[in-house]
Amino acid sequence: MWGFIISLVSGILMSVQGVFNTEVTKQTSVWISAAFVQLTALLVCIAAWFFTGREGEIAGLLKVQPRYMLLGGVIGAFITYTVIVGMDQLGPAKAVMLIVAAQLIAAYLIELFGLFGVEKTGFDWLKLLGVGLFLAGIIVFKKN
């Protein structure tokens with residue numbers, strides 16, 4: 001149940017953050033806005049690490065294998081950029097629908113093929129039907 005609640009909060013926060021970032025971009029630039037987002041996220045993470053008991057060591061990053069797993073921050077910068085541009089060009093609702101659709105499809109493919117160390121799952125027609133219904137919902141939503 002906790003994972004369900006956290007996931008809902010995450011989705012809400014992503015939508016609000018995208019709108020905020022898009023507005024900051026209109027007054028600065030996309031890369032200034034993205035850099036500010038990443039910098040403030042870094043500061044919050046460092047503060048949280050200090051106040052929550054400092055679990056783990058920074059040197060542990062040197063032991064992470066495979067090394068490409070450390071690209072999350074780089075990917076995060078491009079996520080910030082693409083969300084800002086998508087929301088600016090499509091509006092928050094359409095952009096978020098397409099973002100979530102892409103996330104759902106990518107996540108299912110990652111599980112289906114066992115990519116990046118994720119446990120491989122079998123093909124499920126119901127999951128494919130669910131993705132199809134989700135995509136149909138986007139088409140209905142986009143109709144005027």
Side-chain angles (χ1 to χ4, degrees), residues 1-124 127-142:
M1 182 64 169
W2 186 241
F4 185 79
I5 292 169
I6 290 292
S7 295
L8 288 174
V9 170
S10 176
I12 292 166
L13 290 175
M14 285 182 196
S15 294
V16 171
Q17 180 199 35
V19 171
F20 286 10
N21 295 348
T22 301
E23 289 304 313
V24 172
T25 297
K26 289 177 182 176
Q27 297 176 46
T28 59
S29 75
V30 70
W31 289 113
I32 295 296
S33 178
F36 180 77
V37 168
Q38 301 302 318
L39 175 63
T40 55
L42 171 66
L43 295 174
V44 168
C45 289
I46 289 171
W49 182 67
F50 273 108
F51 290 111
T52 59
R54 298 186 198 182
E55 182 180 332
E57 295 182 11
I58 295 172
L61 290 171
L62 300 174
K63 300 174 187 172
V64 171
Q65 292 296 326
R67 288 286 202 214
Y68 66 80
M69 292 294 177
L70 294 170
L71 292 173
V74 174
I75 293 169
F78 288 102
I79 290 170
T80 303
Y81 171 81
T82 56
V83 169
I84 290 168
V85 173
M87 285 196 174
D88 182 52
Q89 293 185 5
L90 301 175
K94 287 180 184 176
V96 168
M97 281 190 308
L98 293 172
I99 290 165
V100 172
Q103 285 178 315
L104 177 63
I105 292 166
Y108 183 55
L109 291 173
I110 289 168
E111 284 185 356
L112 187 63
F113 295 109
L115 303 175
F116 312 119
V118 172
E119 185 176 333
K120 189 175 183 178
T121 61
F123 178 78
D124 185 345
K127 287 183 181 179
L128 184 63
L129 177 63
V131 170
L133 288 172
F134 187 87
L135 295 174
I138 290 173
I139 292 167
V140 169
F141 188 89
K142 289 181 71 172

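We count residues from 1, following the sequence as given.
- Residue Ile79 holds its CD1 atom at 8.5 Å from CD of Gln38, rounded to the nearest 0.5 Å.
- With contacts defined as side-chain heavy-atom distances shorter than 4.5 Å, the pair Phe123/Leu128 qualifies.
- In the displayed structure, Tyr68 atom OH is contacted under 6.0 Å by more than 12 heavy atoms of other residues, nucleotides or ligands.
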* Please lay out, stage by stage, how Met14 and Ile99 fare under the test side-chain contact (heavy atoms from CB on, under 4.5 Å). => CA-CA 10 Å; Met14 285 182 196; Ile99 290 165; over 6 Å; no

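- Surrounding CD of Glu57 are at most 12 heavy atoms belonging to other residues, nucleotides or ligands under 6.0 Å away.
- Counting heavy atoms from C-beta outward, Leu70 and Arg67 have side chains that approach closer than 4.5 Å.
- Side-chain N or O atoms of Ser10 include none that pairs as donor or acceptor with a backbone N or O of Ile6 at under 3.5 Å.
- Annotation: the span from Ser33 atom OG to Glu23 atom CD amounts to 10.0 Å, rounded to 0.5 Å.
- In the displayed structure, Ile5 atom CD1 is contacted under 6.0 Å by more than 12 heavy atoms of other residues, nucleotides or ligands.
- No side-chain heavy atom of Asn21 sits less than 4.5 Å from a side-chain heavy atom of Val83.
- Here the side chains of Val96 and Met87 are in contact, with some heavy-atom distance below 4.5 Å.
- Once rounded to the nearest 0.5 Å, the distance linking CG of Leu135 with CG of Leu98 reads 9.0 Å.
- The CZ atom of Phe141 lies 8.5 Å from the NZ atom of Lys94; values are rounded to the nearest 0.5 Å.
- When all heavy atoms of Lys26 and Asp88 are compared, the pair lying nearest together is CE-OD1, 3.5 Å.
- To the nearest 0.5 angstrom, Lys127 atom NZ is 5.0 Å from Thr121 atom OG1.
- Annotation: side chain of Thr40 is in contact with side chain of Phe36 (closest heavy-atom distance under 4.5 Å).
- Of the inter-residue distances, the one linking Leu133 atom CG with Ile138 atom CD1 reads 11.5 Å to the nearest 0.5 angstrom.
- For the pair Ile105/Phe134, no side-chain contact is recorded, criterion being any heavy-atom separation below 4.5 Å from C-beta on.
- In this structure the side chain of Leu90 never reaches within 4.5 angstrom of the side chain of Met97, judged on heavy atoms.
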